[in-house]
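What follows is one structure encoded as structure tokens, with my remarks underneath.
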Amino acid sequence: QEQLVESGGGLVQAGGSLRLSCAAAGRTFSIYYMGWFRQAPGKEREFVAGITWSGLSTDYAESVKGRFTISRDNAKNTVYLQMNSLKPEDTAVYYCAGGRGSRFPSSYDYWGQGTLVTVSS
């Protein structure tokens, strides 16, 4: 059983940066595809970025490509989301998830509690 805990959210001005972390408490973190999702008020949860267990392959939503970078450190059981050039439309609760890998939330077995990112204009 994996437990995921996100951190690093907060309030930032447009154009600024934040780095989210997701720490996993479990023995099998390294075998999972890890993803970041976000959910804005009144909207569905959407895929942001994903990374394979090896870290060699990544996937990004078009809306964040070139601005966000996902990475992982299996030795630390942690996955990161570096967010640069933030825009007000990036405001959402961000969730990390572990699972089989895809852009669909149903493919993920484990979820964190979420961390709020607010980007002011």
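- Between F37 and F47, the distance from one ring center to the other falls under 6.0 angstrom.
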Side-chain donor-acceptor pairs under 3.5 Å in residues 104-112, sequence neighbours left out?
residue : atom : partner : partner atom : Å
S107    : OG   : S102    : OG           : 2.8
Y108    : OH   : S102    : N            : 3.4
Y108    : OH   : S102    : O            : 2.6

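- S121 meets the side-chain contact (heavy atoms from CB on, under 4.5 Å) test with P88; sequence neighbours excluded.
- A disulfide (SG to SG under 2.5 Å) check over residues 38-79, counting only residues at least two apart or in different chains, returns nothing.
- Using a 4.5 Å heavy-atom cutoff, the side chains of L81 and V48 are in contact.
- Applying the disulfide (SG to SG under 2.5 Å) test to residues at least two apart or on different chains, none of the pairs has a partner in residues 46-89.
- Applying the side-chain contact (heavy atoms from CB on, under 4.5 Å) rule to S71 yields the partners Y80; only residues at least two apart in sequence or on another chain are considered.
- I51 and Y32 fall within the same hydrophobic cluster, where Ile, Leu, Val, Met, Phe, Trp and Tyr residues are linked whenever their side-chain heavy atoms come under 4.5 Å apart, directly or through other members.
- When hydrophobic clusters are built by joining Ile, Leu, Val, Met, Phe, Trp and Tyr residues whose side-chain heavy atoms come closer than 4.5 Å, directly or via intermediates, Y95 is not grouped with V117.
- Heavy atoms only, all atoms of each residue included: T52 and L56 are closest at OG1-N, 3.6 Å.
- Among residues at least two apart or in separate chains, there is no salt bridge (Lys or Arg N to Asp or Glu O under 4.0 Å) pair with a member in residues 111-121.
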Could you walk me through whether R72 and T78 pass the side-chain contact (heavy atoms from CB on, under 4.5 Å) test, one step at a time?
CA-CA 6 Å; R72 68 191 295 165; T78 302; over 6 Å; no

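- Shown here are the side-chain contact (heavy atoms from CB on, under 4.5 Å) partners of K65, two or more places apart in sequence or in another chain: Y60, E62.
- For residues 88-97, the pairs satisfying salt bridge (Lys or Arg N to Asp or Glu O under 4.0 Å) are R38-D90, R67-D90, with sequence neighbours left out.
- Within the structure, salt bridge (Lys or Arg N to Asp or Glu O under 4.0 Å) contacts touching residues 49-60 (residues at least two apart or in different chains) are D59-R103.
- With sequence neighbours left out, the ring-ring contact (aromatic ring centres under 6.0 Å, His included) criterion links F68 to no other residue.
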Taking distance alone, no hydrogens or angles, what donor-acceptor pairs closer than 3.5 Å link side-chain atoms of residues 4-25 to residues at least two apart or in another chain?
residue : atom : partner : partner atom : Å
E6      : OE1  : Q113    : N            : 3.0
E6      : OE1  : Q113    : NE2          : 3.4
E6      : OE1  : G114    : N            : 2.8
E6      : OE2  : C96     : N            : 2.9
E6      : OE2  : G114    : N            : 3.3
S17     : OG   : N84     : OD1          : 2.9

